[in-house]
Amino acid sequence: MKKPFPRHFSRLVEELNGTWDFTFLHGCDLEKLDPTRVTYSDKMAVPAAFDATPRYAGLRGTAIYRTWFQTQPERNARLHFEAVSMWCQVYVDGVLLREHDCGYTGFWCEVPAAESPNRELVVVVDNRFDFERVPLHEEYFDFYQWGGMIRGVWLHHVPESFIESVVVTTEDWKAGDFSAKITLQGPLPEKIELGCVLDEQPLQTYAGLLPFEGRVQLRLQVPNPKPWSLDAPHLHTLRVVYGADDIIVRFGLRDFKTDGPRLIFNEKPIMLKGFNRHESHPQFGPALPEALLLNDLQQLKDLGCNFVRGSHYPQDQRFLDLCDELGLLVWEETLGWQQNVKHLTNEKYLARHKTMVEEMIAASINHPSVVIWGFLNECTSQDVACRPAIQAIVTQFHQLDPSRPVTFATFRGVADVCQDLVDLISINLYPGWYVPGGIEKPLETIPEGIRKQADYFAEKYPHKPLIISEIGAEGLYGWHDAMNGFWTEEYQAEHLRTSCLEALSNDKVQGILLWHFSDARTYAGGYSLGRPRAYNNKGTLDEYRRPKLAAKAVRECFQLPAFESSR
Ligand code: ADA
C-alpha cells in the first residue's frame, strides 16, 4: 500500500499492513482480558473492518490482532496507526503501550528497547458502544460505526533525535513564500543544523539554528512557484533532513478565505458545488482500496464537483492526497452526529474531542485541498448550554490553524444560537423530503425552503458566507413507478435538480453540498425502519457507485456555464 504523505527518503519506514493473526471474543470483560493468553483462530486483513467481512458481519465485541516486527540496531521503533475503530489497546511483547479511542484519527506508539530484535505486536480492538470508555462514538449516528484496524499501520525506525513533523504555512502564495515549522524529538544540542530540499533543487543547509522547545521555524521560498488550482493542482515538496533522519512533506500554494459574504479562492469568488461523502462500501466498510478512492474522486469530478465534505469524520489520508493531486476542495470535520447537551457539557467528552481536533489537524494541515475545518455535525446548537463548548472548539481550531475557516453544519434554522461563533454558516435542510404529512406536492416546497433560510441567515449574518451543507432525497437504485413518487429515482433526480438550480442561482448562497455521494450503510437496529435496506439511500450513486438518474441531473446543473466557476 502506498504510504500517504509525509514520506521519507533516509528514514526506514516499514509497512505492517497485510494479513495478521486474528480472533474475535464475544462479551469480553476488558478488565479481565489478558492478551498474552489468547488463541488466534483466524486471520484478518489490515487495513480492513472486520465487521464488514462476511464471517464477522455486524458483530460487536473484542477483536484481537497479532503480527511481528523487527527493530533495527541503533534505532528506536515508533508505530504509526492511521486509524483503529472504535477503541484499542496496543501491546508490544505483552506490555500495554497505549490506548486510543477515536476510530478515525491516527496515533503513534513509542516502542521501548528490548534485547531481542523480534517483537510481538498485539492490538486489542473493541467496537462496542460505551459512553464511559469511547465517548466519541454513538450507536444512534446515521452511519454504521465499524470495527477494526481500518487504515494503515507503519513502523518507523528513527535515531535518538528525529523529526516529528513539518508544518508548512503559506505566507505569499504567488511569490512562493512559506514558513516551515519543524518539530524535533529527543535530546538536542543548543544549536542544530538542518538540510532542506525543495522540489528537485539541491540541498540547502541551515546551520546555527536555535531550537525552542524542540521547534525551529524557517522562512523559505519555492524556486519556481506554481499555484495550486482546481485545473492545475501543482504540488511542491519539502524534504527536511536532520542528521540521519528526514521527512518529506507536500504542499500547494493557494489562497482560500472568506471575504464578507463571499468565499474567495485564489483571488476569485467561488461557488462550491459538491457532495457529502461517507467512506463506505458494502464489502470494505470504511477501509476503501486505493482504486475505489480514486474512482470516487473521478466520479465526483465527472459530476462537475469542485468540493467534497468528508462527512462526518476525519478522512483517510490517501483520499486527501488524491484530492491534492486531482484538484478537489475538501471540508474535513471531526467525528460527530447530533451531539447534545449531555456531550457538550461533559468534560471527558470535550477532552476527547480536543484530542481528536489535534490529531485531525496534525494529519491534514499540509493538504492544499483541505480548505475548511468542520466539527460536530448538527449538534444541539439551539441550546445556549452548548455555546461554551462550541466556542472552545472554534477557538481551538483557530489557535492550531489560523489559516482555514471553521464551521459546523446546523439544521436548527432560526433556533440556532451559535452561528455568531463560526466563520462560515453551513445549513443542512431537507425541504421536499422530510415534509409534514399532508403536503401534496413536496417538490414545490424546495425553492421556498431554501429561500427562507438563506434570507434569514443572510440578514442576520451579512458578513459571513452561507453554504447549504446538506440537501437531498432518497432514491432506491432501480426503483421506478408511474407516479414518480417518494423513493423513486425520478423523484430524487427532480429533487436534486430543483435544489441545485435554486441554490446556485441564489446570490445569498455560496455553495451547495448534496446529501450524499453514494448510499451508505446505517443503523443496525430499530432506527433503520426509516431507512430501507438499512442504508441511507440518498446517494446519487448506489453503494457500488452505480449512478442513479440523479447523477445526470446533478451533472447538468453543476456544469451549467452560468455556474461554471466564479461569479
Ligand atoms: C442529517 C445528517 C446526515 C443524514 C441526513 C439524512 O442532516 O447530517 O448524516 O443523517 O440528515 O439522511 O437524514
Side-chain angles (χ1 to χ4, degrees), residues 103-104 136-146 274-280 286 307-315 331-340 343 372 374-382 386 390 407-413 415-416 418-419 422 425-436 442 445-446 449-450 453 457 466-477 486-487 491-492 495-496 499 503 511-543 548 550 554:
Y104 291 98
L136 296 175
H137 290 261
E138 292 276 9
E139 194 163 12
Y140 71 78
F141 294 172
D142 183 9
F143 52 97
Y144 197 81
Q145 305 283 290
W146 307 89
F275 279 94
N276 288 271
R277 173 179 170 275
H278 268 303
E279 291 179 339
S280 180
F307 189 46
V308 64
R309 173 175 173 217
S311 49
H312 298 300
Y313 32 77
Q315 299 289 288
W331 156 337
E332 193 180 21
E333 68 186 18
T334 56
L335 174 64
W337 201 86
Q338 296 188 5
Q339 265 79 4
N340 54 43
H343 305 91
I372 292 172
F375 62 94
L376 296 184
N377 173 60
E378 296 186 340
C379 60
T380 46
S381 51
Q382 80 282 23
C386 297
I390 292 175
T407 190
F408 70 90
T410 176
F411 79 129
R412 310 292 171 181
D416 193 296
C418 292
Q419 293 307 307
V422 295
I425 312 244
S426 307
I427 53 173
N428 292 355
L429 66 168
Y430 284 87
W433 185 252
Y434 297 120
V435 288
T445 65
I446 295 173
I450 294 178
Q453 290 228 19
F457 282 106
L466 167 73
I467 65 175
I468 295 175
S469 37
E470 287 183 28
I471 193 162
E474 310 235 354
L476 296 171
Y477 182 81
F486 264 39
W487 306 101
Y491 184 86
Q492 185 195 30
H495 185 292
L496 296 192
S499 304
I512 178 165
L513 282 157
L514 299 170
W515 184 267
H516 55 161
F517 173 64
S518 57
D519 291 346
R521 182 168 282 283
T522 185
Y523 324 107
Y527 285 127
S528 54
L529 289 176
R531 296 272 184 268
R533 316 181 303 130
Y535 271 75
N536 188 314
N537 298 290
K538 297 187 190 74
T540 282
L541 315 177
D542 80 347
E543 64 275 24
K548 303 179 194 169
V554 171

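Numbering of ligands and ligand atoms starts at 1, following listing order. Below, each value reflects all heavy atoms present in this structure, side chains not excepted, and no hydrogens, waters or symmetry copies.
- Between Phe411 and ligand 1 there is no heavy-atom distance shorter than 4.0 Å.
- Interatomic distance, Leu541 CG to Asp519 CG, rounded to the nearest 0.5 Å: 8.5 Å.
- There is no side-chain donor-acceptor pair under 3.5 Å between Glu139 and Tyr523.
- Atoms CG and CZ, from Leu513 and Phe307 in turn, are 5.0 Å apart once rounded to the nearest 0.5 Å.
- At the top of the distance list for atom 3 (C) of ligand 1, counting protein heavy atoms only, stands Glu470 OE1, 3.3 Å.
- Distances from ligand 1 to the non-hydrogen atoms of Arg531 include at least one value under 4.0 Å.
- Within ligand 1, counting atoms from 1 as listed, the ones closer than 4.0 Å to a heavy atom of Asn428 are 7 (O), 8 (O).
- A heavy-atom separation below 4.0 Å is not found between Trp433 and ligand 1.
- Judged by the shortest distance from any of its heavy atoms, Phe141 lies outside the 4.0 Å radius around the atoms of ligand 1.
- Using a distance-only test at 3.5 Å, with no hydrogens or angles considered, a donor-acceptor pair links the side chain of Thr445 to the main chain of Gly432.
- Contact annotation for Glu474 and ligand 1: no heavy atom of the residue comes within less than 4.0 Å of the ligand.
- Residue Asn377 has at least one heavy-atom neighbour below 4.0 Å for each of these atoms of ligand 1: 2 (C), 8 (O).
- Between Glu333 and Trp331, the side chains place a donor N or O and an acceptor N or O closer than 3.5 Å (distance only, hydrogens not considered).
- For the pair Arg533 and Asp542, the salt-bridge criterion is not met [side-chain N within less than 4.0 Å of a carboxylate O].
- Listed by number with element, the atoms of ligand 1 under 4.0 angstrom from any heavy atom of Tyr430 are 5 (C), 6 (C), 7 (O), 11 (O).
- The protein atom (non-hydrogen) at minimum distance from atom 7 (O) of ligand 1 is Glu378 OE2, 2.4 Å.
- With no hydrogens or angles considered, no side-chain donor-acceptor pair links Tyr144 and His278 at under 3.5 Å.
- With rounding to the nearest 0.5 angstrom, the CG atom of Asn536 is 4.5 Å from the CG atom of Asp142.
- Backbone and side-chain nitrogen or oxygen atoms of His278 are examined, and none is located within less than 3.5 angstrom of a nitrogen or oxygen of ligand 1.
- Note on Arg309 versus Glu332: no salt bridge recorded, every NZ/NE/NH1/NH2 to OD/OE distance being 4.0 Å or above.
- Near Asp142, the atoms of ligand 1 lying under 4.0 angstrom from a non-hydrogen atom of the residue are 4 (C), 6 (C), 10 (O), 12 (O).
- Proximity of Phe143 to ligand 1 is not established, as no heavy-atom distance is less than 4.0 Å.
- Atom NE2 of residue His516 and atom NZ of residue Lys538 lie 7.0 Å apart, to the nearest 0.5 angstrom.
- Neither the backbone nor the side chain of His516 has a heavy atom within less than 4.0 Å of ligand 1.
- With a 4.0 Å heavy-atom cut-off, ligand 1 is reached by the side chain of Asn536 but not by its N, CA, C or O.
- Distances shorter than 4.0 angstrom occur between a heavy atom of His312 and an atom of ligand 1.
- Of the charged side-chain nitrogens involved, none lies within less than 4.0 Å of a carboxylate oxygen, so that Glu378 and Arg412 do not count as a salt-bridged pair.
- Protein heavy atom in closest approach to atom 12 (O) of ligand 1: Lys538 NZ, 2.5 Å.
- With ligand atoms numbered from 1 in the order given, ligand 1 contributes 6 (C), 12 (O), 13 (O) to contacts under 4.0 Å with heavy atoms of Tyr434.
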